[in-house]
Amino acid sequence: MRWPSEELNYTFSWRIEGERIFSEVRAGGRVLVFRHVLGRRESTIVRLEQELERLVIYCSYRPPYALRIFLAGTRYEWNVTAYEFTGGVKLPAYGVFKVSVEVEGENVFLKGSGVVELRAEYERRLLDYAFTVLPLLSVLASLAGSRRKRRLAFFSLLPPVLLFAFPSLVLEQHPLWLTLGCGFFTLLVTYLVDREAFSRALGHIAILTALSSTTVVLGNPIVLLLGGFGAVVFLASAILYPSELDKTERFYKSTMLLYSLGVLAMEALNEVAVTVASFLHSPSTGFIEAVRTQVMFASNLFALTPVIAPLYHLARLVHSYQRAEEARRVLEKLASRPKD
Amino acid sequence: MKYYWLVFSFLLLSSPFQPTAASSLAWTIVVHSRVYSVFAPFGRELKFWASSVLEWEVADYRETILVYYRLLYNAVLHNELSSAARYCGVLLALLLKAKGYTEALGYSLIPVLESLDWSSIRVLDWRVEEIVDWWLLYEPKSLEDLAYAYASVALSLLEKLPVNSFTRVLYTPYLRELYLASLISVVVASTYFVYKRAKMEGGL
């Protein structure tokens, strides 16, 4: 039994075996053997570089050796057999981390540590910000019907251009306010600059603003997708049958306004129905969901408006023109018949 | 048959992912925030990343937390909800780790956090940098105080995320392109009608 702080007699010796030094301490019947590694002023530089979604490691040292890197709770290891080493790993994390590196070769062990900053990549496409200029498209409608195009374009686009000097101000706004603001501003500028253009474009700017606002309020892009389908069919009708342009335009305006406002009204009805349902007999989640489903069926009728109405209009025009063609042929035949 | 159970139990116990107190704390915050509906299907991923953060050796908590907040914001905006859950888990666990969190502390913090009066938690209307700075300098007086401050800071950060479905739709590939195409077709149709009318009326 030995006690702490008890003094013992000891012997110390050392020897060289090959390239290694061994030392021994003998005390109290125990032997402690130390194997020494020859320490030289060895060093290497390990460089870490961040590329898109990966971390690249560069190291130059006499091979062979094992390179170990500890970063963000992950251990990476390579057995390197070349003087120049380049390795890549998927970025383990982002931020500022402590990193430690070990190089272990034959009789050599190097260790170092440092701090690495892994920045988040911001890959932004221009299309991501396209929605900020979308409400400005209504300006095109007023420009198409105006003689004073330059003046109208200048006054319409001046505030948005100024706003782009402060993009964070635009991005922080809810898209609803952006859409409504641009719609009313376009109407105001058109009214002040060109009254004639205002009377022509009023309905169309109202349609664009109403459709965009409804989409934003409901948080549902399907509203505008269906509106877009209807607009294409109406446009085709107008191009194919230019003599019916007046009727097509009126039908287009009334359909789109009815559709956007109808969907909005139905959504309000949906909310009211759900609120009222909770006051009715035995309100449960299932009951309220049933009421909501019933109201949604009614709402879906409005959703069909921009699909059914232009198709019906186009079909009617095709049918009328076929009948007119037949009538023309009959009249021509009658006209060419010799008189008795 | 019992051997199957043994193998199954062994696999379960030797699984690298063991839910931690940090992941439970992070998930409790998410459940009480308005991003819950967005992250509900990705709970396991969020918890896994919250647990793995405990092994990280972070050198600068402020920068790392801010980087993860920006990553989270972008991922939610682009509707990449799986990545967003990962970043959310990391962010919430980093907030804890920045205050010298240990798992021992976590197990005593869980019941305190669960018994909080969530309606009384103050959502800070500050900039993200200000919220993070405040949290890093904050010195809690008790475990309950720490739980309140953590809930307040975490909910304030999550509150600022763009979870509005319309905003996310606008940044979601394909849906966004369809949306743009529809809007442009409506504009083209309206412009055509106005142009033709102006020509007929001799306004051009």
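Both backbone and side-chain heavy atoms feed into the values below; hydrogens, waters and symmetry mates do not. The chains referred to below are lettered A, B, ... by the order of the sequence lines, with proteins before strands, and numbering in each begins at 1.
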**Asked** Which of residues 142-160 of chain B have a heavy atom under 4.5 Å from any heavy atom of chain A?
**Response** none
**Message:** With a 4.5 angstrom heavy-atom cut-off, is it the side chain or the backbone of A/L225 that approaches chain B, or both, or neither?
**Reply:** both
**Message:** Under 4.5 Å from any heavy atom of chain B, what part of A/P242 do you find: side chain, backbone, both or neither?
**Reply:** neither
**Prompt:** In terms of heavy-atom proximity below 4.5 Å to chain B, should A/A93 be classed as side chain, backbone, both, or neither?
**Reply:** both
**Asked** Taking non-hydrogen atoms and a cut-off under 4.5 angstrom, which of residues 83-90 of chain B neighbour chain A?
**Response** B/R86, B/Y87
**Item:** Contacts with chain A made by residues 104-124 of chain B (heavy-atom distance under 4.5 Å), listed by residue number
**Value:** none
**Prompt:** Do you know which two heavy atoms are closest between B/T64 and A/V96, and how far apart they sit?
**Reply:** OG1-N, 2.9 Å
**Request:** Quick one: list whatever passes salt bridge (Lys or Arg N to Asp or Glu O under 4.0 Å) with A/R148, sequence neighbours left out.
**Result:** none
**Complete:** Honestly, the part of A/T215 sitting under 4.5 Å from a heavy atom of chain B is both
**Asked** Between B/K196 and A/E249, is there a salt bridge with N-O shorter than 4.0 Å?
**Response** no
**Message:** Is the ring pair B/F193/A/Y252 parallel, tilted or perpendicular, if the boundaries are 30 and 60 degrees?
**Reply:** tilted
**Prompt:** Measuring heavy-atom distances to chain B, does A/L211 have an atom under 4.5 Å in its side chain, in its backbone, in both, or in neither?
**Reply:** side chain
**Message:** Minimum heavy-atom separation for B/L183 and A/S212, please, with both atom names.
**Reply:** CD1-OG, 3.8 Å
**Prompt:** Does the side chain of B/R197 come within less than 4.5 Å of A/D246's, by heavy atoms?
**Reply:** yes
